[in-house]
Amino acid sequence: MSNDGLILPKDFPQIQNDTFLRAARGEETEHVPVWCMRQAGRYLPEFRESRAGKDFFETCRSPEACCELTLQPLRRFPFDAAIIFSDILVIPQALGMDVQMVAGKGPTFPDPLKEPEDLQRLRSKVDVDKELGYVFKAITLTRHRIEGKVPLIGFTGAPWTLMSYMIEGGGSNTHSKAKRWLYRHPEASHMLLRMLTDVIVEYLLGQVAAGAQALQVFESHAGILGPVEFREFSLPYLRDIARRVKDKLKEGAKDIPMIVFAKDAHYGLEDLSQSHYEVVGLDWTIDPQTARERTGGKVSLQGNMDPCALYAPKEHISDIVKKMLEGFGTRGYIANLGHGLYPDMDPDNVGAFVEAVHQHSKRMIKQM
Ligand code: 1CP
């Protein structure tokens, strides 16, 4: 890095489009804000070019590279928010685990946790500034370079999702190794989840101090848990994270919207809507009206078009978006996909999605 040491988290440019932040708080907006999970990703040719031949986690450790990748989708599409380019697996790395990105395979832990004794291999006290300061630098740099166009979202993986990667050693269909811990070693599981929660709280606070204007917590592996396990091994930690982050931010008179995305966890929607998060993210397997009823107007909602709908012709995408907007309503709503974009998606169709959200919602709000 050349001179990022001189770039400080202050004197950020004035925000021009705060639609996303207002929608997160349930306030009135002129249009429904929209962004996409994995909007900085391999579906963009410029992303593939920037990343070509470079190690994934090396890229994550370069604030300049993260800033560039975060800004790329904003140059193409009028998204209402940016999400910092990074990965959820930087936390297991901060705890001392080796994680590599293997081409064609995804994230891989050469030496995953096997038994509770292995917890001793993890750092008991993580110096978040030292281990993850590169993410904070990337956020500060990006917040300056984004020039106030849209808010910048920081993020983390949730404890259960990170625990499952640390035990599985990578992606998995069954997550049976990690679930084995829940049934066989519940106390060690809680110990690991608590360790992760402590690091996550510090990590999110560091992101806000660096300039993040909203925070999303990804519980991507919620759906592999049943309702009972979700209530024991996921929900308490999700709540603890939001409560502790909010309490600390209040001391500095900061009000940062928090989003929880617990993929495939319908059974948890009522609980999630009462967990100190302003926004609940939804996958595509629930219809908008049901989600509104189940969350009882307590939170804003984010989601949830099936990412695969982006394979449809543009006119069809527009119809799907219209129905989605009618289902959620235009207040307290942030349009997004129900999960991330896939690498083979056509950037033009992503543009059509964004445009459809803006056009239909502007018309609907004017007619109100
Ligand atoms: O070389 C590459 O480009 C690899 C693809 C890739 C990308 C673009 C990975 C590997 N991570 C990322 C960036 C990333 N990861 C972002 C960037 C910002 C944006 O969204 O635009 C974010 C928010 C993440 C978060 C993340 N990483 C999640 C949570 C969201 C989700 O998808 O559920 C998860 C589960 C991961 C792990 C991960 N990292 C990468 C892959 C392929 C995976 C999934 C592996 C698996 O479980 O099979």
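Both counts, for ligands and for their atoms, begin at 1 and track the order of listing. All values derive from a computational prediction rather than experimental measurement.
- Listed by atom number, the atoms of ligand 1 under 4.0 Å from S220 heavy atoms are 29 (C), 30 (C), 31 (C), 33 (O), 35 (C).
- Atoms of ligand 1 lying under 4.0 Å from at least one heavy atom of G171, given by number and element, are 46 (C), 47 (O), 48 (O).
- Annotation: atom 10 (C) of ligand 1 to nearest protein heavy atom, M101 CE, 3.3 Å.
- Using a 30° and 60° split on the angle between ring planes, F218 and F261 fall in the perpendicular class, above 60°.
- Heavy atoms of T70 found under 4.0 angstrom from ligand 1: none, in either backbone or side chain.
- Salt bridge present: E68 and R75 bring a charged side-chain N and a carboxylate O closer than 4.0 Å.
- At a 4.0 Å heavy-atom cut-off, ligand 1 touches H339 through the side chain alone.
- Here OG of S86 is found 8.5 Å from CZ of F57. Values are rounded to the nearest 0.5 Å.
- Of all the listed residues (G170, P107, P73), P107 holds the heavy atom that lies closest to atom 41 (C) of ligand 1.
- Nearest to atom 27 (N) of ligand 1 by heavy atom, out of D87, N173, L162, is D87.
- Contact check on D18 versus R22 returns a salt bridge, with a Lys/Arg side-chain nitrogen under 4.0 Å from an Asp/Glu carboxylate oxygen.
- For atom 26 (C) of ligand 1, the nearest non-hydrogen atom of the protein is R38 NH2, 3.4 Å.
- Remark: side-chain polar atoms of Q16 are paired, donor with acceptor, to backbone N or O of E147 under 3.5 angstrom.
- Residue-environment remark: CZ (R184) stays at or below the threshold of 12 foreign heavy atoms within 6.0 Å.
- Between atom 13 (C) of ligand 1 and the options A40, A52, S86, the minimum heavy-atom separation is to S86.
- If you look at F56 and F85, their ring centroids are closer than 6.0 Å.
- Ring-plane geometry between F136 and Y203 is classed as tilted, the angle between the planes lying from 30 to 60 degrees on a 0 to 90 degree scale.
- Counting protein heavy atoms only, atom 25 (C) of ligand 1 is closest to I88 CG2, 3.7 Å.
- Classification of the H358-H31 ring pair by plane angle, with boundaries at 30° and 60°, yields perpendicular.
- Looking at F155, F56, W35, Y43 and measuring to atom 22 (C) of ligand 1, the nearest heavy atom belongs to F155.
- Considering backbone and side-chain N/O atoms, R51 comes within less than 3.5 Å of an N/O atom of ligand 1.
- In the vicinity of F85, heavy-atom distances shorter than 4.0 Å reach the ligand 1 atoms 8 (C), 13 (C).
- Looking only at distances, no side-chain donor or acceptor of W181 sits under 3.5 Å from a matching main-chain atom of A188.
- Ligand 1 has at least one atom lying under 4.0 Å from a heavy atom of I84.
- Of the candidates F47, Y165, F218, the one placing a heavy atom closest to atom 35 (C) of ligand 1 is Y165.
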